[in-house]
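Below is one structure, written out as structure tokens, with a few remarks after it.
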Amino acid sequence: MRLLHANSLPLLLLLPFVSSSPPQLILNAPPSTQSSTLIDALSADPDYTSLLKLLQKALLVPTINTLNGSTLFAPTNDAIDKHSFWSDSLTSLNLTVQDNVQQRLRQELLYHLLNYSIPVLPDDHNLQVHKTLHFPRKAAEPPSREPPPNPPWLPVPGGTLGGEPQRVRVAPQSGSVMVGTNAFGKGGTSVVKGQVDAGNGMLFGIGDVLTVPPDLAIVASQHSSLSYFNRIVTADIISMLNSTSELTLFLPVDSAWDALPDIERKYLESNFATDDILQILNMHAVVTEGVHWSDSFEPMLNLTTVSGSTLEIVVSPESQKTFVSSAELIEPDIYASNGVLHTVSSLLIPPGAFTITPEKYLLTLNCTSFVSLLHSVDLTSLINNTEAQYTILAPTDDVLNLFGVNGEKLPEGGSEELKRLLSYHFLPGKWTPKKLKDGMLVETALEEVGLDGGRQVLDIELSVEDGKHSKEKSIRFGGASVLGEVYDINNTLIYLISRPLVPPSDALEAALPSLELSSFIAAVFSTSLADRLRETPRSTFLIPENDGFKRLGMLVSAHLLSASSKSDLENVILHHVLDGVEYAKSFQNGSQQSYGTLEGTDVHVDRAENGTVTVSASGGWAGMSATVSTGNLLTKTGVIHELSDVLLPRSLNLTIGKLVKAARGTTMTSMLAFKGYNLTKLYDDPERLRGIVEQHLIPVPKPHALYLAQLDSFQTNKPILLDDSATYTTLHSNDSAYGDIVFRQAGPDEKGGLGYLVGIKDARGREGQKDWARVLSWGRTTTSGGVGGVIQIDAVLMPYRPPWWQEYGAPVGVSIIGVALICLFFLGVRAFWRRDTSEATYEPVGGFNNEDDEDA
């Protein structure tokens with residue numbers, strides 16, 4: 001097509017139209033000199049005064065006068081009054097936007113004008129298709145105030161139909177002739193005034209303004225058989241449809257979409273199916289070789305879609321039906337400003353074009369909010385990858401609504417924290433219920449910075465519950481229960497869970513809710529280690545329970561918590577942090593292992609035959625150890641295990657001096673209770689003062705420490721064994737028979753006693769003063785393997801000296817009694833002999849004779 005310029009022949013030469021209408025007349029002659037023209041005919045008829053004004057406003061009077069042979073479908077005054085835009089255009093004051101060239105009005109008027117005359121209107125069942133002088137094109141935004149590049153009264157070829165003008169149909173209908181009908185001759189506006197031969201064209205009065213076909217997206221949205229497509233189409237696709245020129249679109253009617261699986265349909269109806277909808281659209285769209293109206297289909301035609309597939313269009317001569325590949329053409333040629341729309345009976349999708357992805361399945365399982373959150377943090381690859389194996393732990397919409405999708409219980413949408421949380425719901429691999437074991441840890445898709453990029457793990461809990469018919473296995477992932485059945489989709493398993501899974505926090509925050517660990521946490525916050533421990537990657541915390549600090553000994557604890565012992569406390573804390581992640585399974589895999597700590601020394605781990613795991617300290621006293629009471633409290637940087645007792649490192653040198661200071665006694669006078677004693681007098685008596693000190697010093701042999709190491713943790717923290725009636729010699733025992741001390745067990749009292757009394761052995765008290773004291777606290781040193789320590793008491797044990805009569809009375813009494821007894825003994829002997837010598841003697845009757853002597 002070509003354009004004749006105003007200085008020669010200002011006529012638009014139009015290509016031949018398609019249909020049963022008469023052949024187009026292409027005139028190359030000069031303008032007609034007849035006195036009657038279309039403009040004259042409009043001027044002569046009062047029904048066209050409004051139209052004539054609009055033609056003048058749009059500067060189209062020269063165009064119409066220039067045409068030699070044309071057809072004008074002229075809306076009457078009543079028709080224009082019913083059309084808001086045209087009626088508003090009659091007065092420039094009503095124009096909402098200043099448009100110097102009246103582009104929209106001109107294009108709509110040109111849609112009513114043909115560049116040839118229609119000698120005869122259609123009758124019976126004939127339908128005519130005519131090409132108008134309207135060349136659709138993308139509107140400039142905003143309308144320009146500059147003069148147009150071409151004379152404004154000339155139509156400009158080109159535009160969004162590939163150089164083709166827009167078409168209009170004329171068809172008979174119930175005894176009338178309708179203009180602007182659909183492909184079946186339905187709709188349109190009727191010809192209300194008969195044909196007028198105006199010399200340079202034919203004039204037909206019509207009862208309504210012809211509607212210029214809008215963009216394809218609008219055309220599709222107005223079509224009743226495309227309601228499903230309109231329901232799933234997105235704003236991005238609408239924009240694409242409206243911005244693409246020369247587009248031929250084959251859209252399936254509503255019933256065609258029923259062929260898709262229910263999962264695919266539900267996915268298309270979600271807010272996340274733009275890619276799939278666009279893929280489907282590209283299989284039904286052609287943008288090559290111009291716009292393809294149905295008159296180009298006969299007898300057959302192959303078209304290549306945007307997606308690269310081929311559409312084979314065949315017109316059956318027998319049935320006169322048109323088939324587009326496997327689909328039947330339902331309605332052809334629905335005109336649009338940037339192409340044409342054809343409706344077809346079925347989807348033009350090759351087999352296997354779509355796969356059921358985990359995302360689509362999640363949407364069918366009422367996990368729309370979960371999917372939406374994944375889209376917000378760009379984790380859709382985890383639910384659209386059909387090759388990789390994953391186990392998805394998905395909360396349903398009801399669960400997320402309960403916990404607040406946009407509330408405070410979940411991180412803000414699109415945030416890194418939300419991305420971290422959602423990644424924690426994906427487990428690489430297919431973890432079927434048969435593979436899961438109670439207490440096991442499985443890796444998740446969450447890659448933790450605190451684990452040096454390693455994957456965070458999730459704990460599994462299994463329990464057996466009695467069901468209706470048999471025992472059922474209950475599964476919990478990270479404390480969240482599994483709801484319902486397990487869904488197996490190709491390489492993916494989906495578990496529906498009772499609540500969102502929250503990734504582990506830092507070690508201190510993770511341990512904070514446990515009241516049993518509060519002493520250790522408080523100790524950490526009393527130092528400058530908190531930030532370091534939060535951020536140290538790949539670390540294992542061995543946190544002692546509160547009772548472990550009590551068993552450490554009050555004086556040891558007091559020393560560690562004193563302001564002057566921060567470095568010692570920090571070493572103790574760091575001795576409880578392993579340099580590396582060691583889950584409970586690591587401790588159970590071998591009988592003996594050693595692990596480095598952040599403090600610099602190692603701890604030794606032993607596993608007994610009964611499964612008990614014992615951790616031995618690098619320092620402290622002989623036999624210092626703790627059992628792992630609870631394991632695998634997960635953290636952002638590793639894991640926490642609970643210990644029964646505190647472990648002291650080798651770097652901690654607990655001396656008697658430090659323990660004395662912890663007992664708030666830098667000297668004996670401040671350490672011991674000297675209330676009621678004349679200290680000045682004591683200072684003036686060095687010998688007595690020395691005896692007092694020696695009375696409080698107990699020599700401890702090294703074997704005693706080894707013996708304590710064999711006892712339980714309730715005994716090993718004591719510097720000596722405090723059994724009932726336990727007796728120990730003191731340094732004063734060398735100088736006094738009353739130098740030994742003895743311990744007695746008693747119940748705790750209101751005055752701070754720990755249930756032990758200590759006193760001087762065999763002391764009976766004097767002058768109303770007691771020779772015993774309550775044990776308030778103790779602490780054991782770490783020097784020489786824990787030999788020695790400090791026991792704090794509430795009173796001074798003054799060296800015992802009994803009264804003179806008590807001290808010497810017994811020996812004197814014994815001596816006197818002994819002498820008396822000896823005297824009595826000798827008196828008895830003497831009396832016996834005296835009695836023997838004083839008795840009478842007798843001779844035999846007749847005396848003694850010689851015979852008797854000889855016989856004797």
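- Within the 4.5 Å cutoff, side-chain heavy atoms of F250 are placed close to those of I313.
- One finds the CG atom of L241 at 5.5 Å from the CG atom of L281 (value rounded to the nearest 0.5 Å).
- Scored by the ring-ring contact (aromatic ring centres under 6.0 Å, His included) test, F370 finds H425 as partners (sequence neighbours excluded).
- V286 places none of its side-chain heavy atoms less than 4.5 Å from the side chain of V306.
- Remark: F272 pairs with H375 by the ring-ring contact (aromatic ring centres under 6.0 Å, His included) rule, at least two apart or across chains.
- Under the side chain to side chain donor-acceptor pair (under 3.5 Å) criterion, T310 pairs with no residue at all, not counting sequence neighbours.
- Of all heavy-atom pairs spanning K138 and S243, the tightest one is NZ-O, 2.9 Å.
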Derivation and outcome, side-chain contact (heavy atoms from CB on, under 4.5 Å), residues L303 and T288: CA-CA 8 Å; L303 298 176; T288 56; 5.7 Å; no
Residue pair H292, F297: steps toward the ring-ring contact (aromatic ring centres under 6.0 Å, His included) verdict: CA-CA 8 Å; H292 300 276; F297 293 167; 7.8 Å; no
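- Between the side chains of Q166 and H134, no donor N or O sits under 3.5 Å from an acceptor N or O.
- Applying the side-chain hydrogen bond (donor to acceptor under 3.5 Å, both in side chains) rule to pairs touching residues 76-86 yields T49-N77, S50-N77, K82-D208, W86-E108, sequence neighbours excluded.
- Residues S325 and L348 come closest through the heavy atom pair CB-CD2, 4.3 Å.
- Here the closest heavy-atom approach between residue T343 and residue S225 is recorded as CG2-OG, 4.3 Å.
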Audit row: S319, S316, side-chain hydrogen bond (donor to acceptor under 3.5 Å, both in side chains) steps and yes/no: CA-CA 6 Å; S319 63; S316 172; 3.2 Å; yes
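- With sequence neighbours excluded, no residue forms a side chain to side chain donor-acceptor pair (under 3.5 Å) with H284.
- Shortest non-hydrogen contact noted between W257 and V253 is CD1-O, 3.2 Å.
- Here the shortest heavy-atom pairing between I118 and F204 reads O-CZ, 4.0 Å.
- The two residues T181 and R169 have their closest heavy-atom pair at O-NH1, 3.0 Å.
- Residues forming a side chain to side chain donor-acceptor pair (under 3.5 Å) with S43 (at least two apart in sequence, or on another chain): none.
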